[in-house]
Amino acid sequence: HAMTVPSIRARLIGAGAVVLVAFLAVAGVALQRAHADSVRAAHYARLQSTVYLLLAAAELDAQGALVMPPDLAEPRLSLPGSGLYASVLHVPSGVAWQSASAVGLSLPFARSAAVGEWRFEEVQGDRGAYLSARYGVRWAGAGGSGVPLVLGVLESRATLDRESQAFSRTLWGWLAGAGVL
């Protein structure tokens with residue numbers, strides 16, 4: 001029996017297919033990673049905006065106690081279990097206001113933050129992972145002395161995961177289709 005040697009054309013097509021698959025795989029991973037980073041940055045930017053919303057709403061009464069309005073401009077903070085939760089900790093008293101969305105939940109809000117410092121991180125809670133933004137501020141009270149507050153916002157990581165999974169399915173579907181063509 002004589003061994004059949006693949007033609008040059010067949011070897012070129014095979015090598016081209018291998019290079020194409022490798023290129024599509026590397027491009028897919030790079031696009032997926034870039035999209036995940038972009039989505040995470042967008043979520044943290046929204047959390048930061050929510051912290052600014054809390055800053056605008058927070059007040060101290062004549063005794064220096066924290067007063068928050070019953071409703072905030074972000075509707076998800078009023079809906080229990082919405083996936084977006086807020087807290088403002090009055091550090092001297094240890095009393096924390098929490099949004100209506102956090103009612104009945106034990107959430108991993110930070111109990112401290114340096115004044116003027118932003119912290120963005122992922123934290124783990126009883127019900128899964130959360131994206132967290134917190135900010136420490138010294139709020140001017142009626143007597144002129146600053147009262148330290150810690151403003152924190154948590155968002156369920158499930159929202160981020162759903163967005164990333166939808167993008168991944170679409171990306172890999174299109175890349176597979178392009179590779180087949």
Side-chain angles (χ1 to χ4, degrees), residues 30-62 64-142 144-171:
L31 285 170
Q32 190 172 4
R33 190 165 291 153
H35 179 263
D37 291 345
S38 174
V39 169
R40 182 181 306 279
H43 277 265
Y44 281 134
R46 284 200 302 262
L47 294 180
Q48 186 175 31
S49 295
T50 306
V51 169
Y52 284 131
L53 175 72
L54 297 175
L55 269 171
E59 293 182 20
L60 296 177
D61 65 14
L66 177 67
V67 178
M68 293 294 289
D71 295 313
L72 294 166
E74 169 55 70
R76 289 195 304 157
L77 292 176
S78 300
L79 183 64
S82 68
L84 182 68
Y85 312 101
S87 167
V88 181
L89 173 67
H90 186 269
V91 176
S93 68
V95 174
W97 168 89
Q98 289 190 353
S99 61
S101 58
V103 169
L105 300 176
S106 176
L107 296 164
F109 284 111
R111 303 292 296 173
S112 65
V115 172
E117 178 183 89
W118 283 99
R119 291 290 304 267
F120 301 99
E121 58 195 352
E122 253 187 64
V123 294
Q124 199 65 32
D126 296 343
R127 296 174 169 246
Y130 298 89
L131 299 179
S132 168
R134 72 177 182 226
Y135 185 66
V137 66
R138 187 167 293 280
W139 205 251
S145 63
V147 175
L149 302 176
V150 176
L151 301 102
V153 179
L154 299 174
E155 182 177 30
S156 173
R157 193 197 143 111
T159 308
L160 175 92
D161 291 342
R162 277 193 304 272
E163 286 181 42
S164 294
Q165 288 167 359
F167 178 80
S168 291
R169 280 191 304 274
T170 303
L171 172 68

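- Sorted by first and then second residue, the pairs that involve residues 108-119 and meet salt bridge (charged side-chain N to carboxylate O under 4.0 Å, His left out), not counting sequence neighbours, are R119-E121.
- Interatomic distance, CG of L154 versus CG of L131, reported as 9.0 Å (0.5 Å rounding).
- Side chain of S156 to main chain of G83: no donor-acceptor pair is present (N/O by atom type, distance under 3.5 Å, no hydrogens or angles).
- Residue pairs meeting the ring-ring contact (aromatic ring centres under 6.0 Å, His included) criterion with at least one member in residues 101-128, sequence neighbours excluded, are Y44-F120, Y52-W118, W118-F120, W118-Y135.
- For residues 86-96, every residue pair satisfying the side-chain hydrogen bond (donor to acceptor under 3.5 Å, both in side chains) rule, not counting sequence neighbours, is listed here: H90-S93.
- What you find for L53 and L72 is that their closest heavy atoms are CD2-CB, 4.3 Å.
- In this structure a side-chain-to-backbone donor-acceptor pair under 3.5 Å is present from R138 to G146.
- Between S78 and D71, the shortest heavy-atom contact is OG-OD1, 4.2 Å.
- Within the 4.5 Å cutoff, side-chain heavy atoms of L151 are placed close to those of L55.
- Here CH2 of W97 is found 8.5 Å from CG of L66. Values are rounded to the nearest 0.5 Å.
- Listed by first and then second residue, the salt bridge (charged side-chain N to carboxylate O under 4.0 Å, His left out) pairs that reach into residues 31-49 are R40-E122, sequence neighbours excluded.
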Fill in: Chi angles and distances behind the side chain to side chain contact (heavy atoms under 4.5 Å, CB included) call for L77, L84
CA-CA 6 Å; L77 292 176; L84 182 68; 3.9 Å; yes
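- Across all their heavy atoms, A57 and P69 have their closest contact at O-CD, 3.5 Å.
- In this structure, OG on S168 lies 8.0 Å from NE2 on H35, to the nearest 0.5 angstrom.
- Scanning for salt bridge (charged side-chain N to carboxylate O under 4.0 Å, His left out) contacts around E59 gives an empty result, with sequence neighbours left out.
- Side-chain contact check for M68 versus L54: some heavy-atom pair is nearer than 4.5 Å.
- Residue pairs meeting the salt bridge (charged side-chain N to carboxylate O under 4.0 Å, His left out) criterion with at least one member in residues 76-93, sequence neighbours excluded: E74-R76, R76-E155.
- Considering every non-hydrogen atom in both R134 and S112, the closest pair reads NE-O, 3.4 Å.
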